[in-house]
Structures are given as C-alpha cells and as structure tokens.
Amino acid sequence: MSPMKKNVSEAEMRILNVLWEHGPATAREVREQLKAKANLAYSTVITLLQRLEVKGAVTHTKSERGKAFVFHPVTKPEQVRERALGSLIKNYFDDDPVPLFSTLVRSKPLSEKEIKQLRSILEEAEADQ
C-alpha cells in the first residue's frame with residue numbers, strides 16, 4: 001500500500017468512509033450512500049473521487065456494468081488518521097504530543113473504560129521504549 005501524498009478534506013473523508021464500509025463503488029453508488037449525511041451533486045462526488053485518486057487514497061477500474069468507473073480504497077483508515085493527526089500535532093501543537101493529549105482528555109468527559117484504555121496505551125508505549 002503506497003503512502004498518501006496529502007491529507008484528505010472532511011468531504012473526502014466522508015467518501016472514504018463509504019468505500020471502507022461498503023466496498024468498491026461507482027460515483028453514483030457513493031452519492032447514494034452519502035445522501036443521508038450530505039446531499040452532494042454527482043459532479044461533486046466525481047471531483048472528490050478524482051482528488052482522492054491524485055492523493056493516493058483511491059484507485060479506479062472500469063466497471064463490468066457499463067461505462068462507469070468503480071472506485072476502490074487503497075489506504076486504510078488508520079493511515080489517513082495517522083497522517084491527519086501528524087499534521088495536526090505539527091501545525092497546532094508545535095510537534096509536541098503532550099499538549100495534544102492534554103487538550104484531548106480535557107475536551108470531553110471520559111468514561112472509566114476510556115481512561116483505562118488510555119492508561120493501557122500509555123503503559124504499552126512506555127514498555128516499547
């Protein structure tokens with residue numbers, strides 16, 4: 001799997017979520033899946049899919065059902081999140097994850113289960129050093 005060239009926008013992320021959840025799809029099928037969340041024009045969906053392809057997040061093949069292209073995700077959700085988070089840390093937190101983590105845990109009340117999960121992640125990171 002090749003690395004993505006750029007971060008994805010919120011609209012592009014919605015499209016990737018459709019492809020990850022439902023599998024390869026034509027632009028028309030993607031648009032249909034998005035209708036409940038965002039009523040985008042067909043041409044907008046095509047443009048977003050083309051941008052995702054340039055960024056290295058999707059690829060397309062010729063459909064066996066006619067002239068349409070079928071779009072396939074070539075990145076995993078984790079790759080997209082890691083890239084976006086890396087940019088966020090660099091651009092908004094001076095490349096320091098501590099203020100990011102602090103902001104994250106203060107931004108919403110955490111359940112006991114979430115706190116245990118975060119402790120476990122920190123302990124694992126400490127053990128890896």
Side-chain angles (χ1 to χ4, degrees):
M1 217 165 272
S2 63
M4 287 182 25
K5 298 173 180 119
K6 290 185 173 185
N7 287 334
V8 299
S9 69
E10 284 183 46
E12 292 165 344
M13 189 66 179
R14 280 192 221 106
I15 287 176
L16 280 173
N17 283 328
V18 167
L19 295 175
W20 289 325
E21 186 176 332
H22 299 282
T26 65
R28 193 168 312 286
E29 292 166 339
V30 169
R31 182 174 183 260
E32 196 61 37
Q33 291 295 325
L34 285 173
K35 270 190 177 176
K37 296 176 186 172
N39 194 12
L40 300 176
Y42 176 77
S43 59
T44 302
V45 173
I46 288 286
T47 299
L48 292 169
L49 284 163
Q50 289 170 338
R51 287 181 186 166
L52 284 167
E53 192 159 22
V54 168
K55 291 178 179 183
V58 302
T59 189
H60 73 271
T61 57
K62 185 90 167 103
S63 172
E64 296 175 3
R65 300 171 269 176
K67 296 180 181 180
F69 291 121
V70 176
F71 291 87
H72 310 260
V74 294
T75 57
K76 294 180 180 179
E78 300 80 29
Q79 291 173 296
V80 175
R81 290 180 191 124
E82 285 174 12
R83 182 172 179 89
L85 188 57
S87 292
L88 181 76
I89 294 169
K90 180 180 177 192
N91 295 324
Y92 292 91
F93 295 94
D94 203 24
D95 227 4
D96 184 355
V98 174
L100 169 76
F101 189 78
S102 175
T103 302
L104 177 67
V105 298
R106 290 181 180 148
S107 67
K108 103 177 199 22
L110 298 172
S111 69
E112 201 171 311
K113 180 181 177 186
E114 290 168 326
I115 293 170
K116 285 180 183 178
Q117 288 174 320
L118 290 171
R119 275 197 185 112
S120 175
I121 290 167
L122 289 172
E123 288 168 2
E124 186 178 311
E126 188 175 45
D128 288 345
Q129 290 188 359

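In this chain, numbering begins with 1 at the start of the sequence shown.
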CA sep, side-chain torsions, deciding dist, call: F69, I46, side chain to side chain contact (heavy atoms under 4.5 Å, CB included): CA-CA 10 Å; F69 291 121; I46 288 286; over 6 Å; no
Interatomic spacing from OG1 in T61 to NE2 in H72 - rounded to 0.5 Å: 3.0 Å
Minimum heavy-atom distance between A38 and R14, given as atom pair plus value: CB-NH1, 4.1 Å
Listed once per pair and sorted, the salt bridge (charged side-chain N to carboxylate O under 4.0 Å, His left out) pairs that draw on residues 30-49, sequence neighbours left out: E32-K35
Salt bridge (charged side-chain N to carboxylate O under 4.0 Å, His left out) between K108 and E114, intermediate numbers included: CA-CA 11 Å; K108 103 177 199 22; E114 290 168 326; 3.4 Å; yes
Nearest-0.5 Å distance that lies between atom CZ in F101 and atom CG in D96: 12.5 Å
Co-membership, hydrophobic cluster, residues L88 and M13, 4.5 Å side-chain: no
Spacing of CD belonging to Q50 relative to NE2 belonging to H60, to within rounding of 0.5 Å: 9.0 Å
Value rounded to 0.5 Å, distance of CD in Q79 from CG in L16: 11.0 Å
Expected output: side-chain T44 to main-chain L40 donor-acceptor under 3.5 Å: no
I89 with L104, same ILVMFWY side-chain cluster at under 4.5 Å: no
Chi angles and distances behind the side chain to side chain contact (heavy atoms under 4.5 Å, CB included) call for F71, V30: CA-CA 9 Å; F71 291 87; V30 169; 5.8 Å; no
Presence of salt bridge, E12 and K6, under 4.0 angstrom: no
Audit row: V58, T75, side chain to side chain contact (heavy atoms under 4.5 Å, CB included) steps and yes/no: CA-CA 7 Å; V58 302; T75 57; over 6 Å; no
Main-chain N/O of V18 paired with E21 side-chain donor or acceptor, under 3.5 Å: no
Within one Ile-Leu-Val-Met-Phe-Trp-Tyr cluster: V80 and Y92, side-chain cutoff 4.5 Å: no
Polar side-chain atom of T103 near backbone of P99 as donor-acceptor pair, under 3.5 Å: yes
Same apolar cluster (I L V M F W Y, side chains within < 4.5 Å links), L118/L100: no
From CZ (R119) to CD (E123), nearest 0.5 Å: 8.0 Å
Heavy-atom neighbours of D94 CG exceed 12 at 6.0 Å: no
K62 side chain to G66 backbone, donor-acceptor under 3.5 Å: yes
Residue pair S102 / R106, side-chain donor-acceptor N/O under 3.5 Å: yes
Over all atoms of both residues, closest heavy-atom pair of T26 and A68: CG2-CB, 4.0 Å
Nearest-0.5 Å distance, OG of residue S43 to CG of residue L48: 9.5 Å
